[in-house]
Amino acid sequence: GSKWSYLGAEGEKMWAKKYPFCGGLFQSPIDFHDDILQYDSTLLPIELEGYNVSSFEQFILTNNGHSVKMSLSPTMNVRSLPNRYSAAQLHLHWGNRNKQEGSEHTIGGRHFAAELHIVHYNSDQYLDMNSAADKSDGLAVLAILIEIGQFNPSYEKIFSHFQNVKYKDQETSISAFNVQELLPDRLDEYYRYEGSLTTPPCYPSVLWTVFRKPVQVSQEQLLALETALYCTQQNDPAPLEMVNNFRRVQEFERMVLVSFRQ
Ligand SMILES: NS(=O)(=O)c1cc(-c2ccccc2)cc(-c2ccccc2)c1
Ligand SMILES: [Zn+2]
C-alpha cells in the first residue's frame, strides 16, 4: 500500500520524506523549452516490435488508486534503443473537468490535456520490471501527449471500460489490441533525456522518449477520464475522485536531445 498522493499532507512536496530519490537528481517530468534542446542526428526512429498482439489475448485494466494501468504483453518491445526493452504496462495522467491540463511533461511551459506512458523494462539485463525499476538503465518510457480534438476509437478501447474499474483495486480484462494505435504517426520526432519515475519511489532509472506530436481524443472522452475514476475503494465512506494525478515539472540543468530540427 503505497502511502503517497497528489494532494495535501502526502502530496508531492512531502514525497522525499518517505521516498528519498524524489528529492534527488534526474527527476521527471520536465519542461521542454528552446534553450535546453539540442538536435542529435543519431536519434533513430522508434521501432516497435510485437505490438500487433492477437485479439485472442487479453490485457488487464486495473485501478491502482493513483492511475488506471493496463498490463501489456512482454512480447511487445522497443528496438532502436541501447538495449531491448520489453513492455510492462501503460497508464495515464490527467487534470480535472475544470482544468483540462494534466500532462506531466510540458512544451514551452504549456500543459497538454493528459499524457499516456508506456513503460518498458530492459529485458536484456533484467529478469522482470521490478528488478529493473531501480537500475539506471532499467526502464524506458514512451510518453504520448494528449490534446482535445477528434474522437479517438483506439483510446476508446481503454476508456469504454472505465465503469468496471471505478474504484481502487478493481480490475477488468479487455481484448488485446495493437497499442501502436495509441501513438502519433511520427515515431521519428521525439524529445530524449535521462530522468526518473514521476511517482514514488522516483527512481532515476528512466530513459524518456516524449513524442513531439500530440494525439487527439474528444472532449467527451477526456471528460470520461476526468470523472469516471476514484482513488478510494468502493466501500470507502469518503470517496476521493482520481483527478490531477500529474507531478509538477522539476528543475533541470541539463540538455534534452531532440531527433528533429525545429
Ligand atoms: N509515471 S511513470 O511512467 O514514471 C511510472 C512508472 C511505473 C512503473 C511501472 C512498471 C515498472 C516500473 C515502474 C509505475 C508508475 C505508477 C503510477 C501510478 C501508481 C503507481 C506507480 C508510474
Ligand atoms: Zn506515468
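Sequence positions, counted from 1, serve as the residue numbers for this chain. Indexing begins at 1, ligand by ligand and atom by atom, following the structure's order.
- Ring orientation note: the planes of Trp4 and Trp15 are nearly perpendicular, at an angle over 60° on the 30°/60° scale.
- Heavy atoms from both the backbone and the side chain of Thr198 come within less than 4.0 Å of ligand 1.
- When Arg247, Gln27, Glu104 are each tested for a side-chain hydrogen bond (donor to acceptor under 3.5 Å, both in side chains) with Thr198, only one passes: Glu104.
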* Could you go through the side chain to side chain contact (heavy atoms under 4.5 Å, CB included) check for Asp31 and His105 one step at a time? => CA-CA 6 Å; Asp31 177 54; His105 291 91; over 6 Å; no
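- Put simply, part of His93 is less than 4.0 Å from ligand 1, judged by heavy atoms.
- Nearest-residue assignment for atom 2 (S) of ligand 1 (options Arg247, Glu104, His120, His91; heavy-atom criterion): His91.
- Between Trp208 and ligand 1, no N or O atom pair is found at a separation short of 3.5 Å.
- Against a heavy-atom cut-off of under 4.0 Å, His66 is close to the following atoms of ligand 1: 18 (C), 19 (C).
- The ring of Phe260 has its center closer than 6.0 angstrom to the ring center of Tyr191.
- Only side-chain heavy atoms of Asn64 come within less than 4.0 Å of ligand 1; its backbone N, CA, C and O stay farther off.
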* Asked: side chain to side chain contact (heavy atoms under 4.5 Å, CB included) between Ile144 and Ile118: does it pass, once the steps are laid out?
  -> CA-CA 8 Å; Ile144 293 95; Ile118 310 176; 4.0 Å; yes
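- Classification of the Tyr167-Tyr230 ring pair by plane angle, with boundaries at 30° and 60°, yields parallel.
- In Leu139, the part holding a heavy atom less than 4.0 Å from any atom of ligand 1 is the side chain.
- Numbered from 1 in the order shown, with element, the atoms of ligand 1 that lie under 4.0 Å from a heavy atom of Met129 read 10 (C), 11 (C).
- For the pair Ser67 and ligand 1, the shortest N or O to N or O distance does not fall below 3.5 Å.
- Within the listing of ligand 1, atoms 1 (N), 3 (O) sit less than 4.0 angstrom from a heavy atom of His117.
- Relative to atom 15 (C) of ligand 1, the option among Asn130, Thr199, Leu72 with the closest non-hydrogen atom is Thr199.
- Among the heteroatoms counted here (N, O or S) of His91, NE2 is the one nearest to the Zn ion (ligand 2).
- Close approach to Leu197 involves these atoms of ligand 1, each under 4.0 Å from a residue heavy atom: 4 (O), 6 (C), 13 (C).
- Here the angle at the Zn ion (ligand 2) defined by NE2 in His93 and ND1 in His117 stands at 100°, rounded to 10 degrees.
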* Asked: Going through the checks in order, is the side chain to side chain contact (heavy atoms under 4.5 Å, CB included) test met by Ile46 and Tyr190?
  -> CA-CA 9 Å; Ile46 294 300; Tyr190 54 84; 3.9 Å; yes
* Asked: Run the side chain to side chain contact (heavy atoms under 4.5 Å, CB included) check on Ser86 and Met129 step by step: do they pass?
  -> CA-CA 9 Å; Ser86 300; Met129 66 177 170; over 6 Å; no
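- Ring geometry for Tyr193 against Trp208 counts as parallel: the plane angle stays under 30°, on a 0 to 90° scale with 60° as the upper cut.
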